[in-house]
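Ligands are counted one by one from 1 in listed order, and the atoms in each one are counted from 1 as well. Predicted model, so just to flag it, every value in this text is computed and none were measured.
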Amino acid sequence: MRYLLLSLIAVMGCAPEPESQPAHPSEVIAHVVRTIATDSLNTDLRAGLPTVDIGMYLLETDSKRYRERMPLDEVIRRYRLAKDVFGGVGVQLNLLWIRTVSVNTEDLEIESNVMAGQPAGEITNLYEKSRQQRSTLSPEAEAMFEAIIEEDVANARTVYLVGMEDVIMNWYELQADGAWVVRSDPTNALSFPSYTLEERIPRRLRGVITVQNIFKSQKIIAHELGHKLINVSHEYRDISPAHEVDAEGGLMVYGEGTEIAAGAEGRWHLERLMRSPYLYRLEDGEKVYNPDYRESGHYADPIYGSLIMRD
Ligand SMILES: [Zn+2]
């Protein structure tokens, strides 16, 4: 049950030395084994509507753990649900391809991030906390994604769903005795969102989302796309952003709800989605993207204007 163990590293109220968090980059080489036809998943697309391009990479591996948790038919089923969720608010998902890739390592567990800033102290707002704590993409995650995601001029405007075996997330947690620790948890999927990483991820990799256990929820792909495209954490209507939220109704809380609510009472989720830099419209055959983030893509980036909540 090693995946349920938590490793706790006391940091005594200050940032740990980078060496104190595991990061073992090594050269990763990946190559595409096959491309799976996805045309049937795009037959409903219409020119002129807001659209997001998505590329999907699944692993070609003998790993029993990966194969059991990421079967293709279940991945496609949840991708279709994501299409319905976003289609329901007028945003089309365009699946460019599904490619299977093999990588030159059997070590398919990666750390997602390294904490580079200070524990948040008195700050309670999750997004302000996140800015201070400065989570940064881990070297080993970077090596893995650089190897898998093929170079393309539109890399920074494309979302990539990448199958992974295990992705460990690191975060600061305040203990009852007042000490801060870096806590490490396994994840079922991870969105590497701009509100957390800002520009501390190579620009061409900023669209990456990993999926480790497709069975975690029916809406797992839709929910992770929500982190990336709406650029919010777990929150819904009168529920303030938090690391984990069990609630029904909204796409961005746990539970099976899929609502993308509008207006201040909906925490501007729909309006924020519509400003995502990953959205484009086809005009005369050309993809015209929304304006890019003006600062780093943090929660209150100027592209959102007044579409932000302070609590
Ligand atoms: Zn989430």
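Applying the ring-ring contact (aromatic ring centres under 6.0 Å, His included) criterion to Tyr160, with sequence neighbours excluded, gives no partner residue. By the side-chain contact (heavy atoms from CB on, under 4.5 Å) test, Glu60 pairs with Val33, Arg34, Thr100, Ser102, sequence neighbours left out.
Relative to the ring axis of Tyr304, Arg275 does not place its NZ or CZ within 45° and under 6.0 Å from the centre.
Sorted by first and then second residue, the ring pair (Phe, Tyr, Trp, His ring centres under 6.0 Å) pairs involving residues 43-93 (not counting sequence neighbours) are Tyr57-Trp97.
Test Trp171, Tyr127, Tyr172, Tyr254 against His243 for ring pair (Phe, Tyr, Trp, His ring centres under 6.0 Å) and you get one pass: Trp171.
The distance cut-off of 2.8 Å around the Zn ion (ligand 1) captures these protein N, O or S atoms, sorted by chain and number: His223 NE2, His227 NE2, His234 NE2.
At distances below 3.5 Å, not a single donor-acceptor pair connects side-chain atoms of Ser184 with backbone N or O atoms of Asn170.
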